[in-house]
Amino acid sequence: MQYPLLPLRGVLVFPGLVVPLEVGRERSVQALERGWAGDHRIIFASQRDPHEDEPGSADIFGVGVLCELKQVVKLPDGTFKAVVYGEQRVRILGYADEADLFLCDVEPLDDEAAPDSEETAASVLSIVHLYEQYLKLGRRLPGDASLSISTDEPGKLCDAVAANLEIPIGERQEVLETLNVAERLDLVHRILTRQIDLLELERKIHARVRGQMEKSQKEYYLREQIKAIQQELGEKDDPATEAEDWRARVEAAGLPEEAHEKAMREVERLEHMPQMSAEAVVVRTYLEWLTNLPWSVETDDVLDLDAAKRILDEDHYGLTRVKERILDYLAVRALQPTLKGPILCLVGPPGVGKTSLGRSVARALGRNFVRISLGGVRDEAEVRGHRRTYVGALPGRVIQGMRQAGSRNPVFLLDEVDKMAQDFRGDPAAALLEVLDPAQNDKFSDHYIELPFDLSHVLFITTANLAQHIPQPLLDRMETISLPGYTEEEKVQIAKRHLLPRQIEEHGLAARDLELGRGTLESVVRGYTREAGVRNLEREIAALCRKAARRKIAGQGTLHVTPRTIERQLGPRRFLGHDLRKSDEVGVATALYWSEVGGDAMPIEVSVTPGKGNLILTGKLGEVMRESAQAGYTYVRSRREALGIGEEFPDQVDVHIHVPEGATPKEGPSAGITMATALASALSRRPVRADVAMTGEITLRGKVLPIGGLKEKALAAHRLGVRTLIVPRANQPDIEELPAKVRHALHFVLVEGMDEVLSTALRPGPAH
Ligand code: ADP
């Protein structure tokens, strides 16, 4: 008889048992398939060495088992699971010559039955007992073959027991090869007895080891307790060592004399304190702070203005004027390091590069850089720290920043100085003033540190969104530099030269993985962002980089994005061009406003209904805007006839002025002339030119007063497609400072009085 043979490693199938097997090796799979294709018969025989991956016929035991394949399932990982039933012992007579498969000739082997004697019966019984004892000793059983053993067939009993014992494969094979059942009974008896002995021994050892462990653990706890008790009693084991340690650290920290003395006193105190006391913890934390502050560490300045200019240019596109002023500032500091000059304050909307300019200045000077945000700080203690008597007290943000800086001359950026609040806990601005004041900041006192710290080597730079919100005493110390925002063209350039390359690098991409043309960047700027700075632009570019990264991982090559395909990556455009009115309308005029996020435009609407001479104001109007509206109303009233307004005004009509909720103007008077224009238009029925926008404060007599934020407003007007911009004459100098591109694209009408505003903004005749 010839059958395919499947070599087993470390397991054996005995006759009479059902066994699940996993099959993975190529040759074995072949055998399985061959067997399954035929009469489901296959030979299982064990390898002598389970670790042999490619056994030859000589590596396989000479006796195996003929089995029936009950079930064969292919698993998702390509291997097979088979359930087999052992039918019959067989001797392998020889192997047929087939390269990829063991095919073998076998002859069946029959058991030599044991004599039907009492001795056999006793043997059987004994094996059953031993086996139960074996199970009780707590060996896990393979499978569920716990005790479905029939005692009627001693041979099968032996096979089943042998299959379930944890014994070496050689011994199992021996059981398999022992055809004489009486001998087999003896053999299994011997094996079982030995296994039980082994298990008992193992158990004893285990118990002993555990006893030892428990003993040593107990000793450990006791020792720990003794330690704790000693500490409680003040009998520390090595307070001297700890104190020595601290002394060395204090010496190494380069403290100035006063601080050094104080630190040493604290170490001494610590030495005489119970080590685990709460107070000792406080002292340690304090010493930690003292020794980690950069009392005397200083970096060497690089005072090379050309290099500084190069670095500022490298990091930032445009901003020529700002960079010039920074360089002037640095030049003065280089010549006169002790000069007690003003502090630089970079003022502008978010994302215009204030923080990153600060970082560049640090790089240019070869100094360390730290930044702390003062936004929302309302408590003096946040600047100056809490006294050490408070549990969990810490130094203030300035000292924390210094520790982080690691040198005593960093560039220190104080972000959002306009966002500090003030309340009953003291004025943080006053504390900040001390930080910034060159006359006193060489002895800055933090409540926690309780020692003067020298801040005079620090180069402080502050930032703010709106200069008006900076507390006056602080503002007096500052030289403000304004960064109003970028034009579309500038944003595209910044994206191309800085944001895109940086994001590509940060996302682990190469330049070729993401292709964006200029036009695409323009579409991102226009369709997905509406801001003075470039923060959202950077975010959108990061989104594109993520898409490119996915593509790269998937092995799909470069991501090309064009203005046409961009919506596939970023979703539908969020902003569709500008939202100025397309046609001239009666009673609607466009005001320009600015807030901390930059400039923008809003429509102001006026409608007139028959009534009793009321002025109704709705929408988002603060007190100042209400007053401006009143002023505009009075002006229009006084010019009624000249403006061609009928006699029903003011007594027989109600005038309703509305500023849409969506607009979030800064509370200010600069919408005055716009409200007056919309009023005049609504009452005279003369339409307002759609391409005109304006900004200016109005007096009762129709004079136009200057306003702030013209640069931001002009940038917004340019972005929104305004063509004519009406501005107070007094603001003319601001126009000179605008980027040439904006200055040339806009037609500025400089006005002193309301009459000029109306003659520019209103169409000559009434609408029909
Ligand atoms: P701010 O501090 O004004 O809110 P950031 O300094 O955080 O703004 O700037 C936001 C991002 O825009 C940064 O990644 C910055 O490098 C970048 N950025 C802003 N302006 C420029 C510019 N002119 N050239 C290059 N990158 C710029």
Side-chain angles (χ1 to χ4, degrees), residues 238-273 279-303 333-334 336-340 358-359 361-372 383-388 393-414 431-432 434-461:
D238 52 356
T241 334
E242 190 190 2
E244 272 328 298
D245 214 37
W246 277 116
R247 284 199 183 92
R249 281 172 74 175
V250 171
E251 291 301 343
L255 304 179
E257 206 180 310
E258 192 185 344
H260 184 272
E261 267 173 34
K262 167 130 191 166
M264 284 305 185
R265 273 203 307 277
E266 291 291 322
V267 175
E268 208 161 303
R269 247 159 48 82
L270 182 64
E271 211 170 4
H272 296 105
M273 254 174 223
E279 208 184 350
V281 176
V282 172
V283 173
R284 268 186 220 114
T285 318
Y286 180 64
L287 284 170
E288 219 26 88
W289 272 100
L290 283 194
T291 49
N292 278 305
L293 282 178
W295 296 93
S296 51
V297 186
E298 201 168 300
T299 55
D300 291 332
D301 273 359
V302 182
L303 290 172
R333 280 195 66 115
Q336 190 54 274
T338 53
L339 179 81
K340 308 208 179 305
R359 197 165 271 135
V361 169
R363 190 157 88 90
L365 290 174
R367 292 188 177 203
N368 296 343
F369 178 78
V370 267
R371 165 183 175 273
I372 63 169
V383 177
R384 220 196 264 283
H386 286 282
R387 296 201 183 281
R388 262 193 297 153
L394 275 184
R397 295 194 190 191
V398 174
I399 289 293
Q400 293 188 20
M402 291 311 292
R403 177 171 176 178
Q404 199 188 332
S407 65
R408 66 171 179 165
N409 62 338
V411 170
F412 199 132
L413 192 81
L414 298 160
L432 201 59
E434 192 188 318
V435 171
L436 297 179
D437 182 0
Q440 21 179 344
N441 73 1
D442 59 335
K443 290 195 177 56
F444 173 69
S445 71
D446 181 282
H447 292 325
Y448 179 85
I449 297 293
E450 286 181 335
L451 285 164
F453 190 88
D454 184 359
L455 293 174
S456 63
H457 304 268
V458 178
L459 174 59
F460 285 106
I461 298 180

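Here the structure is a predicted model, which means the values were calculated and not measured.
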So which heavy atom on [X] is nearest to which on [Y], and how close?
| X | Y | value |
| --- | --- | --- |
| T285 | V281 | OG1-O, 2.7 Å |
| F369 | G358 | CE1-C, 3.5 Å |
| F453 | L293 | CE1-CB, 4.0 Å |
| N368 | A405 | ND2-O, 2.8 Å |
| V383 | F444 | O-CZ, 4.1 Å |
| A393 | R387 | CB-O, 3.2 Å |

Can a donor-acceptor pair be found, under 3.5 Å and without considering hydrogens, that links the side chain of [X] to the backbone of [Y]?
| X | Y | value |
| --- | --- | --- |
| Q400 | P395 | yes |
| N409 | E298 | no |
| W295 | L290 | yes |

Just do the side chain to side chain contact (heavy atoms under 4.5 Å, CB included) check on R247 and E244 with the steps written out, would you?
CA-CA 5 Å; R247 284 199 183 92; E244 272 328 298; 3.0 Å; yes
Given salt bridge (charged side-chain N to carboxylate O under 4.0 Å, His left out), test R388 with E279 step by step and report yes or no.
CA-CA 11 Å; R388 262 193 297 153; E279 208 184 350; over 6 Å; no
Answer yes or no: is there a side-chain heavy-atom contact under 4.5 Å between [X] and [Y]?
| X | Y | result |
| --- | --- | --- |
| S456 | K443 | no |
| L459 | R333 | yes |
| V458 | N441 | no |
| R284 | W246 | yes |
| V370 | L413 | no |

Results of side-chain contact (heavy atoms from CB on, under 4.5 Å) for A334 - residues two or more places apart only:
L303
Between atom [atom1] of [X] and atom [atom2] of [Y], what is the distance when rounded to the nearest 0.5 Å?
| X | Y | atom1 | atom2 | value |
| --- | --- | --- | --- | --- |
| D442 | D437 | CG | CG | 9.5 Å |
| Q404 | I399 | CD | CD1 | 12.5 Å |
| L394 | Y286 | CG | OH | 13.5 Å |
| L414 | I461 | CG | CD1 | 9.5 Å |

Which of these passes side chain to side chain contact (heavy atoms under 4.5 Å, CB included) with L455: Q440, E434, M402?
M402
List the steps, then state whether side chain to side chain contact (heavy atoms under 4.5 Å, CB included) holds for R249 with L287.
CA-CA 9 Å; R249 281 172 74 175; L287 284 170; over 6 Å; no
Applying salt bridge (Lys or Arg N to Asp or Glu O under 4.0 Å), which residue pairs with at least one partner in residues 393-406 are found, sequence neighbours left out?
E382-R397
With sequence neighbours excluded, what pairs up with H457 under the ring-ring contact (aromatic ring centres under 6.0 Å, His included) test?
none
Listed by chain and number, what are the side chain to side chain donor-acceptor pair (under 3.5 Å) partners of E268, not counting sequence neighbours?
none
What orientation do F460 and F412 show, parallel under 30°, tilted 30 to 60°, or perpendicular over 60°?
tilted
For residues 251-260, run the donor-acceptor check on the side chains, cut-off 3.5 Å, and write out each pair with its distance to 0.1 Å, sequence neighbours left out.
residue : atom : partner : partner atom : Å
E251    : OE1  : H260    : NE2          : 3.4
E251    : OE2  : H260    : NE2          : 3.2

Residues passing the salt bridge (Lys or Arg N to Asp or Glu O under 4.0 Å) test with R367, sequence neighbours excluded, are D301
